[in-house]
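These notes are about the structure you will find just below.
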Amino acid sequence: MATSANPNGSAGAVERIVIENAAIATVDAQDTEYASGYVVVAGNKIESIGAGKAPEGLENVVRRVDATGHLVTPGLVNTHHHFYQWITRGLATDHNLFNWLVALYPTWARIDEQMTYAAAQGSLGMMARGGVTTAMDHHYVFPQGSGDLSGSIIRAASEMGVRFTLARGSMDRSEKDGGLPPDFAVETLEGALAATEETVKKHHDASFDAMTQVAVAPCSPFSVSTELMKQGAELARRLGVRLHTHGSETVEEEKFCHELFGMGPTDYFESTGWLGEDVWMAHCVHMNDSDIAAFARTGTGVAHCPSSNARLAAGIARVPDMLKAGVPVGLGVDGTASNESGELHTELRNALLINRLGAHREAALNARQALRLGTYGGAQVLGRGTQIGSLEAGKLADLVLWKIDGIGHASIADPVTAIVFGAAAPVTLSLVNGKPVVENGTLLHADEDAIARSTREQAQRLARIAAES
């Protein structure tokens with residue numbers, strides 16, 4: 001990839017980046033693709049896109065990129081994650097969800113601000129290197145006296161340069177109430193609601209090009225009281241932000257809901273105000289036809305996490321049926337204690353392959369559907385489909401150049417097939433809000449070696465504290 005810069009740009013004029021000679025998958029409504037085309041970025045937005053060479057006479061071009069041998073796509077959008085788990089990877093590797101949670105909650109309950117910052121750096125860095133331009137974190141563990149955990153996570157995302165949604169989680173159902181978390185690792189109902197409202201008011205940006213947004217996100221039906229679910233939904237709608245939680249992840253969860261609430265997860269969510277266009281759920285593995293119909297009717301979104309679902313033996317989500325019904329579906333890494341790679345671009349491939357093990361077999365998903373899940377589908381789920389997720393004039397300039405002329409991909413004729421079916425493609429350039437975040441596979445705003453050392457140190461520190469406790 002050759003680049004050139006113009007040092008004589010006009011002062012105060014919008015700066016342009018011109019990308020040419022690239023294969024382009026726009027992921028727009030028509031799935032428009034160009035075998036060889038251009039993208040013009042002006043400031044933080046896409047100004048124009050099309051086949052052939054860029055228009056002549058563009059002013060204030062500060063960089064030209066010869067993208068021969070590359071595929072340009074929208075940046076990947078992650079819709080579900082737990083950053084703090086970066087420092088507890090490789091533990092409880094042969095457990096199902098409930099046993100895994102029981103094994104790890106005593107350790108997670110000892111996290112503090114220093115740990116969450118390091119873990120966020122590790123999680124964000126790994127995703128950004130792999131083409132993620134919009135990340136989210138569902139953080140719900142707030143031990144007493146642990147510091148400003150939300151602030152530390154947001155700070156890490158801002159420093160990395162990625163667009164970010166913090167799903168401010170909460171738990172108020174501990175072991176003494178029949179839940180799984182230790183008693184000292186949960187908040188009170190009033191405390192959780194107050195802290196969530198404070199986080200939204202302090203950090204949420206509702207503007208078109210917002211780099212940080214906040215959602216209201218009680219953890220799950222088995223760690224949260226019904227009152228927190230209901231009042232959490234009311235709070236989110238009063239503040240005008242989105243709602244997120246875990247749903248229908250395992251058969252054990254479904255049994256739990258029937259025993260405790262007398263109904264299945266989807267009916268329970270509807271009874272608490274948790275279905276709607278402003279809601280997205282993580283996992284949704286065990287959904288019957290009426291559940292899928294309810295999600296489609298209400299516009300409730302789904303974060304599909306294929307690797308984590310496999311790691312915890314949760315099952316195969318009915319993604320083809322959801323898409324056919326019109327349910328918005330995006331992809332999620334999920335926490336790296338249940339998906340140790342922490343990369344979203346590998347989820348494109350895993351979503352396709354794992355869903356082909358289900359009822360629809362080879363007709364379950366194709367390469368372009370998988371790419372859509374990881375881009376526009378994710379943007380739609382996060383409520384940002386008008387701003388990101390596809391390459392269109394007027395949208396924000398979040399895009400990725402994937403190198404597909406190397407040994408791993410050069411013999412695959414179709415570029416989209418190459419990056420979905422093939423090995424994880426190297427990222428030559430990633431722009432977020434029109435600004436480079438990754439070049440030649442390297443983070444531009446963070447020291448990867450320093451992050452590796454910090455996460456290792458914090459993982460060892462957490463293990464010592466947990467053992468001593």
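Counting from 1, the numbers follow the sequence of the chain as shown.
Counting heavy atoms of neighbouring residues, nucleotides and ligands inside a 6.0 Å radius, atom CD of E159 exceeds 12 of them. Within 6.0 Å of CD in E198 there are 12 or fewer heavy atoms belonging to other residues, nucleotides or ligands. Within 6.0 Å of atom NZ in K403, more than 12 heavy atoms from other residues, nucleotides or ligands are found, so the atom counts as buried in its surroundings.
Side-chain contact check for H304 versus L331: some heavy-atom pair is nearer than 4.5 Å. Using a 4.5 Å heavy-atom threshold, the side chains of T116 and Q458 count as separate. Residues L382 and W280 meet the side-chain proximity criterion, which asks for heavy atoms closer than 4.5 Å. No side-chain heavy atom of L97 sits less than 4.5 Å from a side-chain heavy atom of S338. Contact annotation: the side chain of L76 approaches that of H345 to within less than 4.5 Å [non-hydrogen atoms, C-beta and beyond]. At least one side-chain heavy atom of H409 sits less than 4.5 Å from a side-chain heavy atom of P426.
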I would like to know whether E197 and K201 meet salt bridge (charged side-chain N to carboxylate O under 4.0 Å, His left out); could you show each step before the answer?
CA-CA 6 Å; E197 181 167 2; K201 290 181 175 179; 2.9 Å; yes
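In this structure, the separation between CG on L371 and OH on Y376 is 14.0 Å, given to the nearest 0.5 Å. To the nearest 0.5 Å, the span separating NE2 on H81 from NE2 on H138 amounts to 13.5 Å. Taking CG of N433 as the start and CD of Q387 as the end, the distance is 10.5 Å to the nearest 0.5 Å. Atom CZ of R168 sits about 10.5 Å away from atom CG of L235, to the nearest 0.5 Å. Here the CD1-CD1 distance, from I419 to I412, works out to 10.5 Å after rounding to the nearest 0.5 Å.
H70 and T428 form a side-chain donor-acceptor contact under 3.5 Å, judged by distance and modelled atom types alone. Checking N309 against H283 by side-chain atom types alone, a donor-acceptor pair falls below 3.5 Å. R372 and Q369 share no side-chain donor-acceptor pair at under 3.5 Å. A donor atom on one side chain and an acceptor atom on the other are not found under 3.5 Å apart for T88 and T107. Defined by atom type and a distance below 3.5 Å, a donor-acceptor pair is present between the side-chain atoms of D205 and S207.
Ionic pairing of D414 and R368 is present here: one or more N-O contacts between side-chain nitrogen and carboxylate oxygen are shorter than 4.0 angstrom.
In terms of modelled atom types and a separation under 3.5 Å, the side chain of D28 and the main chain of E392 share no donor-acceptor contact. A donor-acceptor pair is defined here as one N or O able to donate and one able to accept, closer than 3.5 Å; such a pair exists between the side chain of E340 and the backbone of G90. With hydrogens and angles ignored, the 3.5 Å screen pairs a side-chain donor or acceptor of K395 with a backbone N or O of G385. When atom types are taken as modelled, the side chain of W100 and the backbone of A337 share a donor-acceptor pair closer than 3.5 angstrom. Under a 3.5 Å cut-off, the side chain of D398 and the backbone N or O of G75 do not form any donor-acceptor pair. Judged by distance alone, the side chain of S248 and the main-chain N or O of V285 form no donor-acceptor pair under 3.5 Å.
Between H246 and H80, the ring planes lie perpendicular to each other; the angle is over 60°, past the 30° to 60° tilted range. Classified by interplanar angle (parallel below 30°, tilted 30° to 60°, perpendicular above 60°), the ring pair Y105/W108 is perpendicular.
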